[in-house]
Amino acid sequence: PMAIWHGSPNFGPRRPGTKVELVVLHYTAMDSAETALARLCAPEHAVSAHYLIGAEGTVWQLVRETDRAWHAGAGCWGGAGDVNSRSIGVELANPGIAPFAAAQMDALVGLLEGLLARWGLPPRAVIGHEDMAPRRKLDPGPRFDWRRLARQGVSVWPQAIAAADPDPARFSAAMGSFGYPPSADLATFRHRFRPWVGAALDGWDVAMAEDLASRLDPIRRNR
């Protein structure tokens with residue numbers, strides 16, 4: 001999709017030695033895209049993202065991809081911090097409790113296809129804000145359709161075919177191998193991959209996490 005340039009003053013240079021290796025998805029938790037756009041461009045709020053997508057599919061670009069937007073905050077992924085220096089941030093206009101509109105998801109898929117191609121990234125490089133900042137953030141939330149992104153080749157979905165031993169140590173190890181920080185727990189994993197399940201850790205959680213960890217397209221390291 002063609003992006004409308006709407007430059008934000010809230011950005012800076014990426015840390016030397018880092019490259020784009022992640023795309024982090026957010027919801028705005030605001031009542032409209034226009035309200036979010038104003039906030040992401042207000043110097044006093046010191047927040048921004050590279051892109052904002054409205055419910056009708058409009059795409060605004062606020063920060064150049066080569067620059068460091070201020071969207072991720074504290075957190076880490078794949079054992080490395082300063083996610084802002086290593087990522088592209090995409091905000092989706094959504095209050096956080098509503099389904100994501102079809103036109104918005106279509107625009108997101110198109111944007112992600114371009115980002116992954118331009119930066120040479122694998123589908124597993126597309127993560128949610130909660131993934132890298134568990135317990136602190138919840139976006140893009142349990143209403144977000146990660147499975148659709150995976151079907152269209154711009155994210156991943158586990159392909160477990162049988163339940164494994166429901167061993168917490170195995171589960172934690174697999175989560176870490178996939179990229180989750182140590183603060184991530186079962187709820188973090190479930191919010192993205194099994195939002196309809198509320199019971200204790202089971203063998204499907206372990207099998208799904210181990211499948212994700214076994215993917216052969218690891219995010220490249222720049223440290």
Tell me whether [X] contacts the main-chain N or O of [Y] through its side chain, where contact means a donor paired with an acceptor under 3.5 Å.
{"X": "His26", "Y": "Pro140", "result": "no"}
{"X": "Asn84", "Y": "His71", "result": "yes"}
{"X": "Asn94", "Y": "Ala98", "result": "yes"}
{"X": "Ser8", "Y": "Leu40", "result": "yes"}
{"X": "Ser85", "Y": "Arg15", "result": "yes"}
{"X": "Thr18", "Y": "Arg14", "result": "no"}
{"X": "Ser87", "Y": "Val83", "result": "yes"}
{"X": "Arg86", "Y": "Trp77", "result": "yes"}
{"X": "Asp211", "Y": "Met208", "result": "no"}
{"X": "His6", "Y": "Cys41", "result": "no"}

Side-chain heavy atoms nearer than 4.5 Å, only ILVMFWY residues, links allowed to pass through others: does that put [X] and [Y] together?
{"X": "Leu92", "Y": "Val126", "result": "yes"}
{"X": "Leu112", "Y": "Tyr51", "result": "yes"}
{"X": "Phe144", "Y": "Val59", "result": "yes"}
{"X": "Leu138", "Y": "Val197", "result": "yes"}
{"X": "Leu25", "Y": "Leu37", "result": "no"}

Seminar exercise, completed: Applied to residues 27-48, the ring pair (Phe, Tyr, Trp, His ring centres under 6.0 Å) test, sequence neighbours excluded, yields none

For this session: Considering only NZ, NE, NH1 and NH2 on the basic side and carboxylate oxygens on the acidic side, decide whether Asp82 and Arg68 come within less than 4.0 Å.
Result: yes

Exercise. Would you call Asp185 and Arg190 a salt bridge, using N to O less than 4.0 angstrom?
Worked result: no

Hey, are the side chains of [X] and [Y] touching, using non-hydrogen atoms and a 4.5 Å cut-off?
{"X": "Ile127", "Y": "Val23", "answer": "no"}
{"X": "Leu111", "Y": "Ile53", "answer": "yes"}
{"X": "Met105", "Y": "Asp145", "answer": "yes"}
{"X": "Trp5", "Y": "Trp60", "answer": "no"}
{"X": "Thr58", "Y": "Ile4", "answer": "yes"}
{"X": "Leu108", "Y": "Leu149", "answer": "yes"}

Search all heavy atoms of [X] against all heavy atoms of [Y] and return the closest pair with its distance.
{"X": "Pro134", "Y": "Thr188", "answer": "CB-OG1, 3.5 Å"}
{"X": "Pro99", "Y": "Arg143", "answer": "CG-NH2, 3.0 Å"}
{"X": "Asp205", "Y": "Ala200", "answer": "OD2-O, 4.2 Å"}
{"X": "Glu21", "Y": "Leu121", "answer": "CA-CD2, 3.5 Å"}
{"X": "Gly54", "Y": "Ala33", "answer": "CA-CB, 4.1 Å"}
{"X": "Ala55", "Y": "Ala101", "answer": "O-CB, 3.3 Å"}

For this session: Show your working on side-chain contact (heavy atoms from CB on, under 4.5 Å) between Glu56 and Gln104 and close with a plain yes or no.
Result: CA-CA 6 Å; Glu56 300 80 16; Gln104 186 177 48; over 6 Å; no

So, taking the atom named [atom1] in [X] and the one named [atom2] in [Y], what distance separates them when rounded to the nearest 0.5 Å?
{"X": "Ile88", "Y": "Leu22", "atom1": "CD1", "atom2": "CG", "result": "10.0 Å"}
{"X": "Arg194", "Y": "Phe189", "atom1": "CZ", "atom2": "CZ", "result": "7.5 Å"}
{"X": "Glu210", "Y": "Asp167", "atom1": "CD", "atom2": "CG", "result": "9.0 Å"}
{"X": "Leu52", "Y": "Glu34", "atom1": "CG", "atom2": "CD", "result": "8.5 Å"}
{"X": "Phe11", "Y": "Arg64", "atom1": "CZ", "atom2": "CZ", "result": "6.0 Å"}
{"X": "Asp139", "Y": "His129", "atom1": "CG", "atom2": "NE2", "result": "5.5 Å"}

Problem set entry | Glu65 and Trp119 side chains, donor-acceptor separation under 3.5 Å | yes

Exercise. Is it true that the side chains of Glu130 and His191 contain a donor and an acceptor less than 3.5 Å apart?
Worked result: yes

Exercise. Any idea how Phe178 and Tyr180 line up, ring-wise: parallel (<30°), tilted (30 to 60°), or perpendicular (>60°)?
Worked result: tilted

Which pairs of donor and acceptor atoms, one on a side chain in residues 151-162, lie under 3.5 Å apart (sequence neighbours left out)?
| unit_1 | atom_1 | unit_2 | atom_2 | d |
| --- | --- | --- | --- | --- |
| Gln152 | OE1 | Arg148 | NE | 2.8 |
| Ser155 | OG | Arg192 | NH2 | 3.2 |
| Gln159 | NE2 | Trp157 | O | 3.2 |

Exercise. So with a 6.0 Å cut-off around CZ of Arg118, is the heavy-atom count from everything else above 12?
Worked result: yes

For this session: Measure centre to centre between the rings of Phe193 and Trp204, then say whether the value is under 6.0 Å.
Result: no

